[in-house]
Number of protein chains: 2
Amino acid sequence: MTMTDSKQWTTETVAADLERAVHEHRLPPGTKLGEDELGEAYGISRTIVRAALLALSHRHLVELKRNRGAFVAQPSVREAREVFEARSLLEPRTARSAAERMTPAALDMLRANIAQEHEALDSGENGRALFLSGQFHVELARIADQSTIEGIISELISRSSLIIALYWRRRAALCETQAHHALLDAFAARDGALAEQLMKSHLLDLVASLDLRNVTQPPTSLREALQR
Amino acid sequence: MTMTDSKQWTTETVAADLERAVHEHRLPPGTKLGEDELGEAYGISRTIVRAALLALSHRHLVELKRNRGAFVAQPSVREAREVFEARSLLEPRTARSAAERMTPAALDMLRANIAQEHEALDSGENGRALFLSGQFHVELARIADQSTIEGIISELISRSSLIIALYWRRRAALCETQAHHALLDAFAARDGALAEQLMKSHLLDLVASLDLRNVTQPPTSLREALQR
DNA sequence: GTCGGCATAATTGTATACAAACTTGTGACC
DNA sequence: GGTCACAAGTTTGTATACAATTATGCCGAC
């Protein structure tokens, strides 16, 4: 995308565009997001770019360093654990609610999502597959009819994408769709208790597939990182 | 406070100042927050004010209406229910963790908080009491050593303050400190299970003390509100 | 040859100017 | 007398200019 489109970019659309790029791992953690650079890319002034970066920083997807600029966030091991702790408090119960409120239309949406994810994986679009996998979780909150929780989960999912970029161990891409398939069955059966349990396991599996030993920790300072 | 202080206001301090004013009910829901007005009050340009308002809008404390300006948010009954639903998923388990990690120093902080709240209530500073009551909950997440959850709860607490401003039913100011006292005992005993249960009840009591019937709903439009 | 200081360049922080949109008040026409 | 159209004024939206800060490259001193 050459970005020289005649599209009218707003703070929200720019922020959404950037968030998706981060979510799909097209913008890796640590990437510098220069204001002039982005402004020129989108064909807008720094004013809008700054507002979008501010929005992303509030979602913890971008880190603003004073007088230094904006960078795609690099969640610490600590933060990674905390994000999944929060998800484990919110998502299982939300999955239960979703199961109890499941409708045929919602079920179709979820099936379509999984199908799209398979497509993406088959054509090697790993970033897109990861994004769709996240959308599955957000969709559940929407089905549960909890827009506030949906907003929170949406942020946690995006942050999880950064965490995966940094700490993913094996590329067991299957486990994702497998877990979602199992959840789908529970939803089809409107089995809330099962859905809650499956989601709980799913999140534990996710954390287990990360390498969260404090060893390769964030280079807090170059001083620390280099002097052995 | 005449605001003509020589203090150097930044985006963050202005946002924090405004958030506290909202939290303490000095700025009621629906209040217009004009940019020029605020800029003059703090002695800064609209640039900083806009950034602060943007931050508050991301926390759902301020509603930005395009070409209309910023207003202190007026959570709907729907949103009120959702906020307490989210809190009920996060806070009980967080209270349990806090109890398990409780230290003498943390216990003293909580005791001091309750004491300050009593002071405020005695001197009729209801807004300050409400703020301190909220701080108690945020402090628990800090003690649980979950800064991510702390951030989420902090926002939910501030939104709860708006909800209370709109939907509070009876003046049972006591119930708050009573519940916090009970929690304190559980913390002193390091009884995680009890703390979790008490927090669950506390939140249910809070919701019960609200008038969330859809009757006196938000005047979606004046048209609706006036033609009987 | 290396270290330190200084100057230059680049980038972000803030204020302000101007454009666009909405609100409100006035007046003419029905 | 009421309604609609238009115009003035106010407020927000966006771009840009300038200031402040940081990064970088250069040069001289040791």
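What you see is a predicted model, and the numbers here were worked out from it, not measured in a lab. So that the names make sense, note that chain A is the first sequence line, chain B the second, and so on, each numbered from 1.
Note: CG (Asp36(A)) to C1' (dT11(C)) measures 7 Å, nearest angstrom. Counting to the nearest Å, the C1' atom of dT21(D) and the CG atom of Asn67(A) are 5 Å from each other. One interatomic measurement links the two molecules: CD of Glu35(B) to C1' of dT16(C), which rounds to 13 Å at whole-angstrom precision. What separates CD of Gln8(A) from P of dT14(D) is a distance of 9 Å, to the nearest Å. Distance, Leu38(A) CG to dT11(C) P: 12 Å, rounded to whole Å. The interatomic distance linking Leu54(A) (CG) with dT14(C) (C1') rounds to 14 Å, in whole Å. Atom CG of Leu33(B) and atom C1' of dT11(D) are 14 Å apart (whole Å). The CD1-C1' distance, from Ile44(A) to dG13(D), rounds to 13 Å in whole Å.
Between Gln74(A) and Leu162(A) there is no side-chain heavy-atom pair separated by less than 4.5 Å.
The base of dG13(D) lies close enough to the side chain of Arg46(B) for a donor and an acceptor atom to sit less than 3.5 Å apart.
Closest to the side chain of Ile48(A), from the set dT14(C), dT12(D), dA15(D), is dA15(D). Here the nucleotide nearest the side chain of Ser45(A), chosen from dA21(C), dT16(D), dA15(C), is dT16(D).
Between Glu82(B) and Arg78(B) there is a salt bridge, since a side-chain N of the basic residue sits under 4.0 Å from a carboxylate O of the acidic one. A salt bridge between Asp17(A) and Arg20(A) is absent, with no side-chain N of the basic residue lying under 4.0 Å from a carboxylate O of the acidic one. Using a cutoff of 4.0 Å between basic side-chain nitrogens and carboxylate oxygens, Arg128(A) and Glu24(A) are not scored as salt-bridged.
An OP1 or OP2 oxygen of dT16(D) is reached within less than 4.0 angstrom by no side-chain nitrogen or oxygen of Arg50(A). Checking the phosphate oxygens (OP1, OP2) of dA23(D), a side-chain nitrogen or oxygen of Arg68(A) falls inside 4.0 Å. Between Lys32(A) and dT12(C) there is a side-chain N or O to OP1 or OP2 distance below 4.0 Å. Applying the 4.0 Å criterion to OP1 and OP2 of dT14(D), one finds that Thr47(A) has every side-chain N and O outside that range. Distances shorter than 4.0 Å separate some side-chain N or O of Arg66(A) from OP1 or OP2 on dT14(C).
With hydrogens and angles disregarded, no donor-acceptor distance shorter than 3.5 Å links the side chain of His23(A) to the backbone of Ser160(A).
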